[in-house]
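Residue numbers start from 1 in every chain, and the chains themselves are labelled A, B, ... in the order their sequence lines are given, proteins ahead of strands. Fair warning: this is a prediction, and the values are worked out from it, not measured in the lab.
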Protein chains: 2
Amino acid sequence: HDEKITLSHGSGGKSTHNLIEGVFAPAFSNPLLDAMDDAATFRVDGTDDIDHRLAFTTDTYVVSPLFFPGGDIGKLAVHGTINDLAMAGATPLYLSVGFILEEGFPIVDLRRIVASMAQAAKEAGVAIVTGDTKVVQHGKADGVFINTAGIGLVRASWLMGQAQLEPGDKVLLSGPVGDHGIAIMFAREALDIESDVQSDTAPLHTLVASLIEAAGEGIHCLKDPTRGGVATSLNEMALGSEVSVALDEQSIPVHPEVRGACEILGLDPLTIANEGKLLAIVAPGVADTTLQAMHNHPLGRDAAIIGTIQAEPPGMVFLRTDIGGLRVLDMLVGDPLPRIC
Amino acid sequence: HDEKITLSHGSGGKSTHNLIEGVFAPAFSNPLLDAMDDAATFRVDGTDDIDHRLAFTTDTYVVSPLFFPGGDIGKLAVHGTINDLAMAGATPLYLSVGFILEEGFPIVDLRRIVASMAQAAKEAGVAIVTGDTKVVQHGKADGVFINTAGIGLVRASWLMGQAQLEPGDKVLLSGPVGDHGIAIMFAREALDIESDVQSDTAPLHTLVASLIEAAGEGIHCLKDPTRGGVATSLNEMALGSEVSVALDEQSIPVHPEVRGACEILGLDPLTIANEGKLLAIVAPGVADTTLQAMHNHPLGRDAAIIGTIQAEPPGMVFLRTDIGGLRVLDMLVGDPLPRIC
Ligand SMILES: Nc1ncnc2c1ncn2[C@@H]1O[C@H](COP(=O)(O)OP(=O)(O)OP(=O)(O)O)[C@@H](O)[C@H]1O
Ligand SMILES: Nc1ncnc2c1ncn2[C@@H]1O[C@H](COP(=O)(O)OP(=O)(O)OP(=O)(O)O)[C@@H](O)[C@H]1O
Ligand SMILES: [Mg+2]
Ligand SMILES: [Mg+2]
Ligand SMILES: [Mg+2]
Ligand SMILES: [Mg+2]
Ligand SMILES: [Mg+2]
Ligand SMILES: [Mg+2]
């Protein structure tokens with residue numbers, strides 16, 4: 001009865017999962033929410049028809065620091081919602097923005113963030129069409145928090161999502177993992193390590209469009225492995241489809257600097273947050289075509305096939321390690337890096 | 001260059017207006033945002049056709065205290081977004097929720113808020129279909145902040161909004177002003193005044209449906225006068241339509257307790273926030289029908305015709321006072337009541 005919110009509840013890993021499953025999902029339950037995908041998809045006429053669906057999603061951003069190598073909170077807030085729409089196979093159309101400003105926040109910094117959002121929206125071809133602005137007393141927030149919600153038009157005329165994985169499917173990853181989390185970490189801690197690691201924040205909707213073009217309904221699930229990293233995202237899919245995921249550690253791309261930082265800090269790059277990466281779970285027959293389409297896109301140059309979906313044991317992720325062992329890969333437990341996005 | 005955000009920037013009055021016009025609107029500018037209505041309305045096929053439009057809106061809630069007579073932050077967050085959709089003539093369909101939780105927040109209080117949101121959504125016939133959960137360190141937020149965004153289907157097959165006012169139009173108000181702001185104030189301050197004032201938070205979409213049924217395209221603009229009150233909302237409309245608004249103070253309903261509190265505290269009830277009230281600006285020919293429709297609805301029993309739209313002087317609001325004088329009624333200046341919603 002005296003349970004309290006902890007930082008782990010915001011990690012995007014196991015505690016977040018348990019909080020959502022234990023508090024939010026049961027109270028709000030409905031078929032669209034229960035799917036627990038990156039975006040809800042529906043027709044506004046309420047029918048179950050699969051074409052002409054809309055996608056709707058939201059994320060709040062509380063990243064610290066507000067400006068970091070490769071981006072800032074504004075860019076993240078625009079890209080993040082575009083990406084959750086893209087993961088539903090949707091073309092992002094319209095965004096809303098909700099600002100919480102702390103009393104005393106410099107307006108010059110606000111202008112910088114707003115300019116960055118405007119540019120990110122313009123580059124991605126989306127319009128910010130509605131907004132809200134609240135202010136709280138000094139000491140009751142931390143500079144700026146931003147919520148974005150977004151609406152998109154679903155292009156996929158088949159069902160995608162974490163319930164659609166099938167044994168035999170291949171797991172593709174669009175590029176190296178851990179850049180965003182490690183970049184934020186370096187920006188925050190005054191670690192005595194030289195680092196060139198930049199956030200990988202990027203809008204993924206054009207990459208998704210080319211995957212859909214290339215592989216069509218062979219694409220069973222798309223997911224951007226943000227908070228909690230690849231490990232958490234794949235565990236959620238394994239649970240959602242009651243299948244198992246077998247990964248090959250050697251095939252997973254990681255930048256050497258990120259790998260080095262993780263070794264020093266005792267972190268697993270597979271639990272570190274990404275912003276401009278996606279996992280695609282595809283039918284075996286289109287795996288090579290999909291990989292080729294990734295390689296042909298600037299945001300998928302280093303893509304790789306990193307694993308396979310298996311029937312048994314349901315709900316688990318395994319990693320065949322570099323040294324030949326097999327270990328269970330859990331969701332992120334605890335929170336190594338609070339306020340990563 | 002060293003301008004800072006102040007609490008006034010969150011009042012919903014003149015400073016908020018100036019911040020939006022000076023920082024957000026120019027950077028994000030597009031025709032849908034520029035209308036500056038409570039919700040953006042558009043067709044997802046991108047055409048200008050007026051039927052089958054969607055409405056999209058967002059609000060963030062930072063109200064303090066979280067629980068108050070007549071409601072709580074969760075109820076407010078659901079009703080508020082329903083109402084901004086309703087003001088666009090839309091039937092609310094789907095909501096998103098974004099939570100910012102402060103480390104240490106009691107989960108039992110979170111459950112209470114979530115239950116309240118679930119109930120408010122259920123009663124209004126809307127579904128919460130997507131969400132997000134972030135946590136910040138103790139001292140970096142204030143318990144819980146909630147963003148809701150919403151999508152609705154526009155039922156009005158004509159243009160409504162703050163650019164649609166015409167000289168001769170009548171100004172209707174659905175009930176007494178100032179209840180929400182004064183209820184929050186009493187809940188916050190340990191004032192030595194006995195008070196029964198309750199927040200008027202309520203979902204207005206069924207009231208709007210009956211107004212549309214009764215008056216059709218005679219309805220030129222609907223607006224819920226939340227932060228900044230009736231005075232600010234009417235000033236925004238006067239600017240948006242380049243008309244003038246003439247109000248009759250005697251006709252404006254105010255609960256005696258609210259009037260008394262305002263007198264003691266030196267506040268104008270017309271600048272105090274409301275949550276379950278609406279202003280309707282309607283063609284003169286349908287004014288009585290609209291008033292009748294309000295009176296027939298539980299949320300409009302005390303509705304009144306409170307003023308008239310005039311051509312000159314554009315952009316101003318005038319109040320014919322109880323004692324027969326005429327005074328300019330400005331937007332809310334300063335912020336008597338921070339974090340009212
Ligand atoms: N407070 C909440 N209420 C209802 N549903 C929620 C809530 N928080 C998250 N969800 C749902 O849980 C699922 C996972 O959400 P999560 O925020 O982890 O995904 P994401 O946005 O893809 O990741 P990230 O937030 O790291 O970008 C989604 O289906 C989301 O709609
Ligand atoms: N940060 C922002 N960026 C872009 N547009 C904004 C922003 N804040 C507010 N707006 C726009 O300004 C207008 C007024 O917003 P405001 O929040 O005052 O309206 P409201 O939601 O009806 O009132 P309240 O927030 O008190 O309920 C709306 O059209 C809204 O979309
Ligand atoms: Mg996602
Ligand atoms: Mg996301
Ligand atoms: Mg608002
Ligand atoms: Mg409004
Ligand atoms: Mg509002
Ligand atoms: Mg999220």
Side-chain angles (χ1 to χ4, degrees), chain A residues 1-7 9-10 16 19-20 23-24 27-28 30 32-33 39-40 42 44 54 56-60 62 93-94 96 98 100-108 110-111 114-115 118 127-137 139-142 145 147 149 151 153 338-339, chain B residues 1-7 9-10 16 19-20 23-24 27-28 30 32-33 39-40 42 44 54 56-60 62 93-94 96 98 100-108 110-111 114-115 118 127-137 139-142 145 147 149 151 153 338-339:
Chain A
H1 254 298
D2 44 8
E3 279 177 294
K4 310 249 187 236
I5 291 295
T6 66
L7 288 175
H9 287 123
T16 310
L19 184 71
I20 294 170
V23 175
F24 299 109
F28 299 151
N30 60 70
L32 298 178
L33 184 76
F42 48 78
V44 288
L54 294 182
F56 183 33
T57 191
T58 193
D59 266 324
T60 301
V62 298
L93 297 175
Y94 298 115
S96 67
I100 299 174
L101 305 173
E102 184 189 8
E103 184 187 12
F105 189 71
I107 292 184
V108 58
L110 180 60
R111 284 190 190 277
V114 164
I128 295 167
V129 297
T130 186
D132 183 61
T133 310
K134 294 293 189 293
V135 180
V136 298
Q137 298 92 335
K140 299 293 183 188
D142 194 13
F145 300 143
N147 176 280
I151 299 179
L153 203 49
R339 296 177 61 192
Chain B
H1 254 298
D2 45 7
E3 277 178 294
K4 310 248 188 239
I5 292 295
T6 66
L7 288 175
H9 286 122
T16 309
L19 183 70
I20 294 170
V23 174
F24 299 109
F28 299 150
N30 59 71
L32 298 178
L33 184 76
F42 47 80
V44 287
L54 294 182
F56 182 33
T57 192
T58 192
D59 265 325
T60 301
V62 298
L93 297 176
Y94 299 115
S96 67
I100 298 174
L101 305 174
E102 186 189 7
E103 183 186 13
F105 189 71
I107 293 184
V108 57
L110 180 61
R111 284 190 190 276
V114 165
I128 295 168
V129 296
T130 184
D132 183 60
T133 310
K134 295 293 189 293
V135 179
V136 299
Q137 299 91 338
K140 300 295 184 187
D142 195 12
F145 300 144
N147 175 280
I151 300 180
L153 203 50
R339 297 178 57 191

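Counting heavy-atom pairs under 4.5 Å between each of A:Gly104, A:Ala127, A:Pro338 and chain B puts A:Gly104 at the top. Across B:Val135, B:Ile20, B:Asp142, the residue that shares the most heavy-atom pairs under 4.5 angstrom with chain A is B:Val135. Highest contact tally toward chain A, considering only B:Leu32, B:Leu19, B:Thr57, B:Thr60, is held by B:Thr60 [criterion: heavy-atom pairs under 4.5 Å]. Among A:Leu101, A:Leu153, A:Thr133, A:Leu93, the residue with the largest count of heavy-atom pairs under 4.5 Å with chain B is A:Thr133. Per-residue heavy-atom pair counts under 4.5 Å with chain B were compared for A:Val23, A:Val129, A:Val136, and the maximum is reached by A:Val129. Ranking B:Gly10, B:Ala115, B:Ser96, B:Ala149 against chain A, the residue ahead of the rest is B:Ser96, based on heavy-atom pairs under 4.5 Å.
Contact annotation for B:Glu102: only backbone heavy atoms (N, CA, C, O) come within less than 4.5 Å of a heavy atom of chain A. Both the backbone and the side chain of B:Phe105 come within contact range of chain A, judged by heavy atoms closer than 4.5 Å. Heavy-atom distances place the backbone of B:Thr6, and not its side chain, under 4.5 Å from chain A. Both the backbone and the side chain of B:Leu7 come within contact range of chain A, with heavy atoms under 4.5 Å apart.
Between atom NZ of residue B:Lys134 and atom OG1 of residue A:Thr16 there is a gap of 9.0 Å, rounded to the nearest 0.5 Å. The NE2 atom of B:His9 sits 4.5 Å away from atom CD1 of A:Ile107, with the distance rounded to the nearest 0.5 Å. The CZ atom of B:Arg111 lies 9.5 Å from the CZ atom of A:Phe24; values are rounded to the nearest 0.5 Å. With rounding to the nearest 0.5 angstrom, the OG1 atom of B:Thr58 is 6.5 Å from the CG atom of A:Asp132.
When all heavy atoms of B:Pro106 and A:Lys4 are compared, the closest pair comes out as CG-NZ, 4.3 Å. Nearest heavy-atom pair across A:Ala27 and B:Val114 is CB-CG1, 3.3 Å. For A:Ala141 against B:Phe145, the heavy-atom pair with the smallest separation is CB-CE1, 4.5 Å. Nearest heavy-atom pair across A:Ile128 and B:Asn30 is O-ND2, 2.8 Å. In plain terms, the two heavy atoms of B:Leu54 and A:Val44 that are nearest each other are CD2-CG1, 3.7 Å. The heavy-atom pair separating A:Asn147 from B:Gly98 by the smallest distance is ND2-CA, 4.2 Å.
Within the 4.5 Å cutoff, the side chain of A:Lys140 has no heavy atoms near those of the B:Val62 side chain. Looking at heavy atoms from C-beta onward, B:Phe42 lies in side-chain contact with A:Ile151 at the 4.5 angstrom threshold.
The aromatic rings of B:Phe56 and A:Phe56 stand perpendicular to each other, their planes meeting at an angle above 60°, with 30° marking the opposite boundary.
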